[in-house]
Each structure stands twice: as C-alpha cells, then as structure tokens.
*Asks:* 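Below is a structure I'd like to ask you about.
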Amino acid sequence: MTAAKPWTPDEWAARLAVAVVLPRVNELDNAGRFFRTHRLAIDFRAEGRSAGILMVGANPDKQASLALSFGSFQRLARALRGEKVVPLPTRGFWHIVGLLQIQKLTGRLEGLLHPEDQASLTTELVARQSRLLLRIALEGGAWLARKGEPWLRERLRDGPQGRVSFFIEGAVMGGPQVVAMGVGSLQVDGQPAHPSADASVTFASPALASAALRGQLDEVAAVGLGDIVIEGNAALADHLGYLLRRVDYYLEGRYE
Amino acid sequence: MSEVEDRPTLFPRSMELFERAARVIPGGVYGHTSPAVNLPLRSPYFAARAEGCRYWDVDGREYIDLMCAYGPNVLGYNHPEVESAAAQQRAAGNAFNHPTERMVELAERLCALIDFADWGVFGRNGSDMTTWALSVAREATQRKKVLKVKGAYHGVDPWCTPGHGGLIEEDRAHIHEFAWNDLDSFNELMRTHAGQVAAVILTPFHHPAFGDSVLPADGFLPGIEAACRREGSLLILDDIRAGFRLHLSGSHRAFGFTPDIACYCKALANGYPISAAVGAHPLRVAASRVFLTGSYWNNAVPMAAALKTLELIEGTQAIETMRQRGKQLFDGLRALGERYEKPFVLSGPPAMPYVRFAHENDFRDLQTFCAACMEHGLFLHPHHNGFLCAAHTEADITEALQRTDSAFRQVFG
C-alpha cells in the first residue's frame, strides 16, 4: 500500500472551499425556483479525484447528481475564488442547468462575502455577511485541523489550549460561537454559555466584525478604542486569531 | 473613528489622544505598551510626567508605579544624579562622528562588575544585543542551530518575536525550543542536533507574559551550562529584563551559573536608551567579526547615564532595597488576598513580582481587580511581571497596599 500523496496548496484550498464556503449558498434568501423544487449533489472534481460534494436545494425527492471536473486543482481553486474557469467537458441538460444555477448562487455568495462596494450593503446584509464570515473562519479552522493541515497541526501541537468565544453585537447569532483549541484539535462547540470560555472576543457591530474578518481593520487599534472587546486570556484569543489566518491563506490564494 | 461613542471613562484625555493616534499610527499604540495587552478602556494610555516611583497620566491621575516603565526605571523616575550626569554630557555633546570616552569607561565598568566579562559592546534595545549575540555564537562555532526556551521573550527580531506578522518559515528554521526546567527535553534536543548547536539562549528565570514566573529548578541552569561546555555550544544569558535588579554582577550570579555572553538593557541607564552585551576573552575575535552599529548606538548621553546608574545601584544598595520592598509587597498582597478570600499566586523574585489570583486561569477577576487598582492610583499589570525600583520606600509600598485594599473592597467587598 502506498502512502497518499500530500495535498498541494491548491487542493487544500479547493477542498476547504467546497467543505466550508460553498455550503453557505443554502443560507442565501431567494435561492431561486430551481432550488426550491430540486436538490443538487454536485461533485467537484480535479485530477481524477473528488474535492468534495456540495448539496444544494430543498427537495430530496428530486435530487440530481452532477460532477463538475476542472482538470487541475489549481483551476478548481481559482474557480472557487470566483475566477471565470469553466469545467470541461460541459454537456447534457442537467450539466448545463446545474452549472448555470450553481454559478449564479456562488456569484451571489461571493457578492455578499466580498462585495466590490462594501458601502452598498444594507445594514441587514452586513449583519448576515459578518455572521457568514465568522462561521467560515471558525469552521474553516476546525476543518483544516480535522484534516491535519501541516502548518496548523504543528502550531496546535505546541500552542496554548483553551476555549475562545466570539460574539457580534447587533448580529442575530443566538449566542456566541465558541472554539475549543486543544493539542492537535480545533473545534467549534456550538453555542454554550458565554462565561465558559477562557477568552471572549466581542465585536461592537456587524460592520466592525466584517471589516476585521475581511482583514481590513486595524485590530490592535480597535481593541484600544473598545470596538473589539477581549476579556479573559487575550494571549489565547490572539493565538487563535493567528491560527485562523490559515483559512484566508487558502481561500484567498495567498500561497500563489 | 470608533463606532463606540460616549463611553464612560476615567481617562478621557487618554482616549482622545488614542483616537488621534489610531488615525496616524498603526495600532494606535503598539508593542508592549499597547492597550490591547493591558486593560483596554480601563487603564491610562498616555503618560505625562513621572517622579520617583510615581507617574501621572495625561488625565492628571497619579499612580504608584509597580511596572517602572517595564523595567528601565530602577532608581526612580527623574533621578537627580542620573539626570545631572546626563545633562553634563548633553552639554558637551551626544552624537558625534566618534564614540566618546564614556564608551570606554562603560565597557571597563561592566568588565569590572561582571565576573566573566572581558569585553563589552553597546546598542539601544534588548533585541539589538540578543540577535547580535546569536550571530557571534554562530561565527564562533560555525554552527547554525540555536536552542531557546518555549515561551521565553528575547525581543522583536524574526527569530524570536512573539508577534505573527511578516514572518517566513525560514526565519526559525534553525531555532528549536525546549521547556523551562525540563533538562530532559533540553538534552533530547542537544542529542537530536549534536554538533550543530551554536548557542543556547536563556533568561535567568522564566518570565513569560500571561503566566507565572518560574525560578530555575536545582541543577537546571548548571546542567545546561555543562551540556554547552561538553558540546562546544555557547550559553547566552538574556539578562535584559532582570539584569542589575537581582545582582550587581549580573543575574547569573544570583542563580549560580556562568554564561559565555550576557545581554543587558532595561535597568542599565535608568530610562536612557542603551543596551549592552559582554563576553569572555575567547569570543573576542568572533565578536569583532560580527558587524555591529546603529545611528545612535554610540551616543554619549545614555552612556553617561549608565555609568552614573551603575555607580548608584552599587553605592546605594539599590538591589537589596528593591528586594526588601518586593518582599514587603508580597507579604502585604498575601495577607490581603487571604483576608478577602481571594488568595494570590505570587511568583518570581520579589523585585520583579508576577501576581495572579489562585482561583482562576482566565485573568477575568484579575483584570477587573487591576482596573480597580488603576482607579485607586496603583499601576498593577494583569498580564506581565511587575518591577520594583529603589525609589519605592516602605511608606510607598504601605500606601500601595492601602490602595490595593481599596480595590479589593470595590471588587470583592
């Protein structure tokens, strides 16, 4: 038996996007008539392997399966970052309909997560954006840890341990998101009571959270101004923030 | 501009300045004095003036200072004799085309004070010296590897910064870590990298931020020294934080070992910017081959201040004074903690106390308590070891404990 070939950065990026980012399309309002009546199981493929299956839509009785093959993980990763990369070959009714529908949805998701004009978003959309970005960051970190991403695994092995909660004032979250950081593991706990964490990070507004999570906020100054409130073990929160940058490293293609 | 408006604060002028700062300075205030690593919104951000063991913030609030500028204030802020020596040199000049006689005098002084030192060099900050010392070790041994203690702070250069930004994997390709007081993990590293270790760099005791200070276990430092001698690796003492606060001849004398190079900074010149490294004769050639300079590293005023500071530390029994005041503080804090049923864990040498509550690990009560101390005029840091200075009198510590009592009553009363 031969050892599996280590994933390239493009493969990590593609798999991470399929696992953590694309499922968020199910949380978009007005996903369209197609997805109210059908469900699509889309297999994103490259280099003869599956990068993951995305389930979209509501009706399990009308489920169609579709494989989108992008040739290389580099092409797939770029497609998932919003670049115009068409899977090949594209043929057959379901293939074309499914591809068009999913391109439409992912375009809308990208427009919400990384709009060209952030100021054009309504207050409600900024709140939704901040929630989605936080979830992608936390679940992305947990996914990378679960899959044994080498950089993250090494830092989790040697780093501090504890629980950090995140909360966005003004964004309906149902409670804080809590991340448990252990030796080799990073887990999103759901929403236990706020004081249970060793450190808590509270963003004063969805706009501040979005700016921070899009990497566009001077976070050190924001803490001094009270725009981000960190209580408890700030060193732990800082370390987790550092680890979660690995998610952006892949999703934004910084390894290229 | 902050989105948090009209927040009640004891520090309106600090906040006003910080809002201005945040527009023109990344982080607003960066590094170890950043509010982000202290008590945001609940502590002063900017200082106005200082005298002895007290300082006043820009809002006019007075503090008995248990941080001492994070170490440099060793004799007392604005010490008249140090200021006079500095002023005298300033009148003659500070920056020249050449060093001054002060540089030779200071190197001679350090060689006389520190038992193993045959030479000394000077920089401005601690990192200047720790990083240079590593290069000297690599030059002397023609080896690459450096062993350091996990969680130890040695400065802001890429090989050791606790920050995350701007680093590449190669920065630490030859830096390896072992656990403090764990001679087995150290020896394992030495075996793994046999014949490749240029240096082991250590602080005299372990003083991490966000954690208890830990004194060396019996045999730990001598064990490391012996391994270095056996393997031909150099032992570098990072005495930046503790130097001249624990022992006049360097902290290695307080803990019974001898390094090959030692680095000093904080207490060296009572607030004037200067750092130093000293070493033994066998390293002189290697030291001469590692380029060392900076625009202001030859400045005469800090050297004059250092000469006077060392003279006063020796002549006034300053180190013993700091130890006694630290012990008074430890005893008083211990009694208060017991009285309010919130016992402290007090660690580190008394002159450099690290304080936390025994009942928690997440610092929340300590942060609230330290904020109350600030409110009552006592600067006590919740995440970093403190510093005593020789200007703290018995009455000052008694008053500091009274203010601590007020904070206890406010938070836990």
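A note on names: the letters A, B, ... follow the listed sequences, proteins ahead of strands, and every chain is numbered from 1.
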*Asks:* Using the ring of each side chain (for Trp, its six-membered ring), is A/His239 parallel, tilted or perpendicular to B/His164, with breaks at 30° and 60°?
*Replies:*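 Ring orientation, 0 to 90° scale: perpendicular.
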*Asks:* Do B/Phe363 and A/Glu231 have side chains that approach each other closer than 4.5 Å (heavy atoms only, starting at C-beta)?
*Replies:*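 No, too far: nothing below the 4.5 Å cut-off.
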*Asks:* At a 4.5 Å cut-off on heavy atoms, which part of B/Leu366 comes close to chain A: side chain, backbone, both, or neither?
*Replies:*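 Neither; nothing under 4.5 Å.
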*Asks:* Please report the interatomic distance CG(A/Asp158) to NZ(B/Lys150), rounded to the nearest 0.5 Å.
*Replies:*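 A/Asp158 CG to B/Lys150 NZ: 5.0 Å, rounded to 0.5 Å.
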*Asks:* Would the distance check show the side chain of B/Tyr30 and the main-chain N or O of A/Val220 forming a donor-acceptor pair, the cut-off being under 3.5 Å?
*Replies:*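 It does not hold such a pair.
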*Asks:* Indicate the atoms forming the closest heavy-atom contact of A/Leu225 with B/Met15, along with that distance.
*Replies:*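 Smallest heavy-atom distance, with atoms named: CA-CE, 4.3 Å.
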*Asks:* Around atom CD of B/Glu341, are there more than 12 heavy atoms of other residues, nucleotides or ligands at under 6.0 Å?
*Replies:*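 No - once you tally the heavy atoms of other residues, nucleotides and ligands closer than 6.0 Å, there are 12 at most.
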*Asks:* Check the surroundings of atom CD in A/Glu256: do more than 12 heavy atoms from other residues, nucleotides or ligands lie under 6.0 Å from it?
*Replies:*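 Yes - once you tally the heavy atoms of other residues, nucleotides and ligands closer than 6.0 Å, there are more than 12.
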*Asks:* If you count heavy-atom pairs under 4.5 Å between each of A/Ile230, A/Asp238, A/Leu236 and chain B, which one has the most?
*Replies:*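 Most heavy-atom pairs under 4.5 Å with chain B: A/Asp238.
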*Asks:* Could you tell me which portion of B/Glu360 (side chain, backbone, both or neither) has an atom closer than 4.5 angstrom to a non-hydrogen atom of chain A?
*Replies:*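 Interface part for B/Glu360: neither.
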*Asks:* Around atom CZ of B/Arg20, are there more than 12 heavy atoms of other residues, nucleotides or ligands at under 6.0 Å?
*Replies:*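 No, not enclosed.
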*Asks:* Quick one: closest heavy-atom pair of A/Asp198 and B/Asp362, and the distance?
*Replies:*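 Closest pair (atom of A/Asp198, atom of B/Asp362, distance): O-CB, 3.3 Å.
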*Asks:* Counting heavy-atom pairs under 4.5 Å with chain A, which one of B/Ser34, B/Ala36, B/Gly27, B/Pro162 comes out on top?
*Replies:*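 Maximum pair count with chain A is reached by B/Gly27.
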*Asks:* Give the minimum heavy-atom separation between B/Ala22 and A/Ala221, together with the two atoms involved.
*Replies:*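 Closest heavy-atom pair between B/Ala22 and A/Ala221: CB-CB, 4.0 Å.
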*Asks:* Could you tell me which portion of B/Val29 (side chain, backbone, both or neither) has an atom closer than 4.5 angstrom to a non-hydrogen atom of chain A?
*Replies:*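 For B/Val29, the contact with chain A is made by the backbone alone.
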*Asks:* Answer yes or no: are there more than 12 heavy-atom neighbours, outside B/Asp182 itself, under 6.0 Å from its atom CG?
*Replies:*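 Above 12, so yes.
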